Amino acid sequence: MSNSTERPIRILIVDDHPVVRAGLASMLSTQPGFQVAANVANGTEAIAVVDATPPDIVLLDLRMPGMTGIEVLHALHQRNSVSRTIVLTSFETDEDIYQAVQAGAQGYLLKNTSQQELVSAIREVHAGLRHLPPSITARLAERMMRSALTSRELEVLKMLSKGLTNKQIAHALSISDNTVRNHVNSIIEKLEVADRTEAVTLALQRGIIELEL
């Protein structure tokens with residue numbers, strides 16, 4: 001069958017910045033075999049589009065008001081959606097990449113990616129392949145080599161980032177000082193750092209935790 005008679009790849013663009021959506025829609029619409037099915041500003045609208053008429057490819061931003069990109073990925077997975085997803089974001093922390101891939105993203109690109117690579121990624125992912133650039137793959141491999149922090153360790157780490165002492169953390173979580181000390185030691189070991197200050201610094205750099213404003 002020739003390309004002229006093949007069904008176009010239908011693409012949904014999900015990004016809360018109107019200029020980004022307009023630019024992507026304009027660029028992708030000029031590509032042979034591509035059709036921009038819709039472009040929406042948030043995750044809730046994206047899920048509604050997927051439920052109504054599933055696109056072939058979802059280009060998904062990570063940081064959006066309301067539903068995050070990760071939450072959208074989880075929602076698509078729960079629906080057993082046939083749509084395949086490429087994350088297109090400005091963020092490349094180890095944790096962002098890890099969570100996106102764990103949640104089902106088949107591709108991960110940064111917004112400064114060239115037009116040629118974006119087009120190639122869409123075609124590859126539509127064909128059933130993954131598309132992770134070497135720099136993204138390296139970060140993912142590094143993240144996967146580290147043991148995942150438990151939910152309790154993440155709680156403790158967030159409290160460390162606020163400058164709380166072991167005694168204050170113990171009181172807040174209703175656990176003993178000794179238990180807090182064990183959690184802190186485990187965090188330091190898993191993150192392969194020297195002390196709690198370095199643990200917080202590394203966790204913020206890699207997106208494991210975020211500073212609460």
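FYI, side chains are in, hydrogens and waters are out, and symmetry mates aren't considered; it's all heavy atoms of this structure. Everything numeric in this text was worked out from a predicted model, so none of it was measured.
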Enquirer: Taking the side chain from Thr137 and the backbone from Pro133, do they hold a donor-acceptor pair closer than 3.5 Å?
Expert: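 Answer holds: yes.
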
Enquirer: Kindly indicate, with the supporting measurements, whether the criterion side-chain hydrogen bond (donor to acceptor under 3.5 Å, both in side chains) is fulfilled by Glu153 and Ser186.
Expert: CA-CA 8 Å; Glu153 287 167 351; Ser186 178; 2.6 Å; yes

Enquirer: Any pair with a residue in residues 24-40 that passes side-chain hydrogen bond (donor to acceptor under 3.5 Å, both in side chains), sequence neighbours left out, goes on the list, sorted by first then second residue, please.
Expert: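 Sorted result for residues 24-40: Arg21-Asn39.
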
Enquirer: Could you measure the distance from the CD1 atom of Ile208 to the CG atom of Asp94? Nearest 0.5 Å is fine.
Expert: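 That separation rounds to 7.5 Å.
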
Enquirer: If a pair satisfies side-chain hydrogen bond (donor to acceptor under 3.5 Å, both in side chains) and one of its residues is in residues 168-177, list it, with sequence neighbours excluded.
Expert: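 Listed once each, the pairs are Thr165-Gln168, Lys167-Asp177, Ser176-Thr179.
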
Enquirer: Can Arg139 and Thr93 be said to form a side chain to side chain contact (heavy atoms under 4.5 Å, CB included), step by step?
Expert: CA-CA 8 Å; Arg139 284 181 173 274; Thr93 69; 5.6 Å; no

Enquirer: Are the side chains of Tyr108 and Thr89 in contact, using a 4.5 Å heavy-atom criterion?
Expert: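 Yes, close enough: below the 4.5 Å cut-off.
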
Enquirer: Please tell me if the side chains of Val180 and Leu173 come closer than 4.5 Å, counting only heavy atoms from C-beta onward.
Expert: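 They are not in contact (no side-chain heavy atoms under 4.5 Å apart), so the answer is no.
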
Enquirer: Is there a side-chain contact between Lys111 and Asp15 in this structure, where contact means two heavy atoms from C-beta onward sitting under 4.5 Å apart?
Expert: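 Yes, close enough: below the 4.5 Å cut-off.
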
Enquirer: How long is the straight-line distance from CG of Leu154 back to CD1 of Ile209, given to the nearest 0.5 Å?
Expert: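 One finds 8.5 Å between CD1 of Ile209 and CG of Leu154.
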
Enquirer: Quick one: CG on Leu24 to CD1 on Ile11, what's the gap to the nearest 0.5 Å?
Expert: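 Here the interatomic distance stands at 9.5 Å.
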
Enquirer: Rounded to the nearest 0.5 Å, what's the gap from CZ on Arg84 to NE2 on His126? Could you check?
Expert: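 It is 9.5 Å, given to the nearest 0.5 Å.
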
Enquirer: Is the shortest heavy-atom distance from the side chain of Met67 to the side chain of Ile47 under 4.5 Å?
Expert: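 Result yes, sub-4.5 Å side-chain heavy-atom pair found.
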
Enquirer: Taking the side chain from Gln102 and the backbone from Tyr98, do they hold a donor-acceptor pair closer than 3.5 Å?
Expert: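 Looks like no, no N/O pair under 3.5 Å.
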
Enquirer: May I ask you to say whether Glu155 pairs ionically with Arg152, meaning some side-chain N is under 4.0 Å from a carboxylate O?
Expert: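 The answer is yes: the pair qualifies as a salt bridge.
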
Enquirer: Do Asn185 and Arg196 have side-chain N/O donor and acceptor atoms under 3.5 Å apart?
Expert: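 No - no donor-acceptor pair under 3.5 Å links their side chains.
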
Enquirer: Any salt bridge between Arg79 and Asp51, counting N to O under 4.0 Å?
Expert: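 Yes.
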
Enquirer: Please examine the side chains of Ser83 and Leu12, heavy atoms only from C-beta on, and report whether any two atoms are closer than 4.5 Å.
Expert: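 No; the side chains remain at least 4.5 Å from each other.
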
Enquirer: Would you mind checking if Arg63 and Asp16 are paired as a salt bridge, meaning a charged N to carboxylate O distance below 4.0 Å?
Expert: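 No, Asp16 and Arg63 are not salt-bridged.
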
Enquirer: Measuring from Leu109:CG to Leu132:CG, what's the distance to the nearest 0.5 Å?
Expert: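 The CG atom of Leu132 is 8.5 Å from CG of Leu109, to the nearest 0.5 Å.
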
